[in-house]
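The chain is numbered in sequence order, starting from 1.
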Amino acid sequence: SDKGGGEDGGKEGEEGSESKELVVTSVTKDSTSSGDQKLFIKFRMTEVILHLNEHGDGGNIERLKFLLSEMETEVVMKSWDLSVAASIGSAEIQDYFSSGINVEPYIMVHSGSNDGRFLTFNYCKKDPQSPDYGSSPQPTEQFVKIEMLVVKVQVQQGSLIKLMSMPLSIMAEIKRKDQPLSATKDVTLPKEGRAMKKVVRRHLPGERAMYIEATFGGLEVTLGDEHGDILSADITGLNTTITMLEEWTVVTASMKNVMLVDADPNSCHSQVVSKMDDSLTVISTEIRMFNTNSVHDASSLDLFLSATVQRLTVFLVFKFVNRVMHYVDEVMEELKLAKKALGLFEERSTSKAVKIHDVQEEKNGSK
């Protein structure tokens, strides 16, 4: 469906999407071969646009716009396995906090590359009872793979403060409408029933219950205020894996390169954090969490953590550190004021509810 946007299309504050392709196929066969396809679903959306509006004195004011393009999903169900593939062509978030009337929006988040798919997601689940499950050298029951290209983020201080304050105002509005008059609540205890016996399957040697692999091309972040940019950070080559075995769970993470630059053109040393050797991985970590149920020795480890940092140069200038700390202090101070306003609102709402409750008790006592 295509609802359209602007003044003529759809409801205020939302924009529709155009569906280009939807294919659903259901196949039923008597054979139990792993190649039999029982269900096939393919769904494609050309563009999705979402608006985040704030109600003010002059009506609804647009604050953020989310744009996603070329969204595709494919589901294939077979006799012994299920696979899901999803992807997003590009993504963008437009910031209207910093822009005035008839001014182009500020691009807050943007997928940095137009080549290929910005985000791809693949999931596969295999039935351990399938005939060919144990034929693999390392059987895996569930497999997840996520790939993301470069993401560029540019945030202004005023937009950051308003964006972080919006959840507080939403919470205040919800509490204002749902303020209870009494804290009494009836609690129904669950009935005792027959405990179900849990069937424990014997795992194969080297079997992985789940394996997750995530690869991120990079993250470019720029922070600034009304006077200009303060810093920019560039992180590339992020890789994460999670392996869940019967005995333990292993989490690995690595970062190929990191760079932090002082955006002040008059800085005496703009390279705050930089890499010395391009052939090395800057940061690599490994976390191994052991399953206590399978460990019988009391002296065995419950958790193992390893971290390596290689040839990273950090050069701090007092002027740069002072600007960053001032930036953070201003953001935290504005949030503190917003939380204080929310606390006063809660206090007034609670006192009002107590007064109404006391008046009702006085009326009942007089009767």
Side-chain angles (χ1 to χ4, degrees), residues 17 19-46 48 68-89 91 116-149 193-217 238-254 286-296:
S17 60
S19 174
K20 288 295 185 182
E21 184 179 6
L22 174 61
V23 179
V24 180
T25 305
S26 178
V27 182
T28 303
K29 295 183 180 180
D30 297 332
S31 175
T32 59
S33 173
S34 61
D36 289 344
Q37 181 174 290
K38 291 187 174 182
L39 180 66
F40 176 79
I41 300 175
K42 185 175 182 180
F43 183 65
R44 179 173 178 264
M45 303 180 71
T46 303
V48 175
L68 302 175
S69 65
E70 298 297 333
M71 301 175 63
E72 295 184 1
T73 303
E74 184 174 302
V75 180
V76 179
M77 180 183 295
K78 297 182 179 181
S79 300
W80 297 104
D81 58 70
L82 170 68
S83 61
V84 179
S87 63
I88 300 176
R117 313 296 294 176
F118 161 65
L119 174 65
T120 58
F121 172 85
N122 291 277
Y123 171 79
C124 181
K125 177 178 175 59
K126 293 188 176 182
D127 190 347
Q129 305 299 326
S130 62
D132 58 347
Y133 183 74
S135 60
S136 174
Q138 194 171 21
T140 303
E141 185 175 355
Q142 297 184 71
F143 174 78
V144 179
K145 185 175 182 180
I146 303 172
E147 294 182 349
M148 182 182 294
L149 299 180
R194 181 180 299 178
M196 299 183 64
K197 185 178 180 180
K198 184 178 180 180
V199 179
V200 180
R201 180 177 62 85
R202 186 178 182 85
H203 293 269
L204 299 174
E207 179 182 358
R208 299 181 296 187
M210 177 176 285
Y211 179 75
I212 302 175
E213 179 182 347
T215 303
F216 303 97
L238 295 172
N239 294 281
T240 303
T241 63
I242 302 176
T243 306
M244 299 177 63
L245 303 175
E246 183 182 9
E247 300 84 2
W248 57 68
T249 298
V250 182
V251 180
T252 64
S254 63
E286 178 182 343
I287 303 175
R288 189 181 297 264
M289 296 170 286
F290 295 89
N291 186 4
T292 56
N293 296 328
S294 62
V295 177
H296 302 285

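The number of heavy atoms from other shown groups lying within 6.0 Å of CE (Met289) is above 12.
Summarising the geometry, atom CD belonging to Glu70 is positioned 11.5 Å from atom CD1 belonging to Ile88; distances are rounded to the nearest 0.5 Å. Taken from CG in Asp127 to NZ in Lys125, the straight-line distance is 7.5 Å, to the nearest 0.5 Å. Here the straight-line distance linking atom CZ of Phe40 with atom NZ of Lys78 works out to 11.0 Å at 0.5 Å rounding. Between Glu72 atom CD and Thr46 atom OG1 the span is 9.0 Å, to the nearest 0.5 Å. Between the CD atom of Gln142 and the CG atom of Leu82 there is a distance of 9.5 Å, given to the nearest 0.5 Å. Once rounded to the nearest 0.5 Å, the distance linking CD1 of Ile242 with CE of Met210 reads 9.0 Å.
Counting heavy atoms from C-beta outward, Ile287 and Thr249 have side chains that stay 4.5 Å or more apart. Taking the side chain as every heavy atom from C-beta outward, Ser69 and Phe118 never approach each other to under 4.5 Å. In this structure the side chain of Phe121 reaches within 4.5 angstrom of the side chain of Val144, judged on heavy atoms.
Using a cut-off of 4.0 Å between Lys/Arg side-chain N and Asp/Glu carboxylate O, Arg208 and Glu141 are scored as not salt-bridged.
Using cut-offs of 30° and 60° on the angle between ring planes, the pair Tyr211 and Phe143 is parallel.
With hydrogens and angles ignored, the 3.5 Å screen pairs no side-chain donor or acceptor of Arg117 with any backbone N or O of Glu147.
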For the pair Leu39 and Ile41, evaluate side-chain contact (heavy atoms from CB on, under 4.5 Å) and give the outcome as yes or no after the intermediate values. CA-CA 7 Å; Leu39 180 66; Ile41 300 175; 4.0 Å; yes
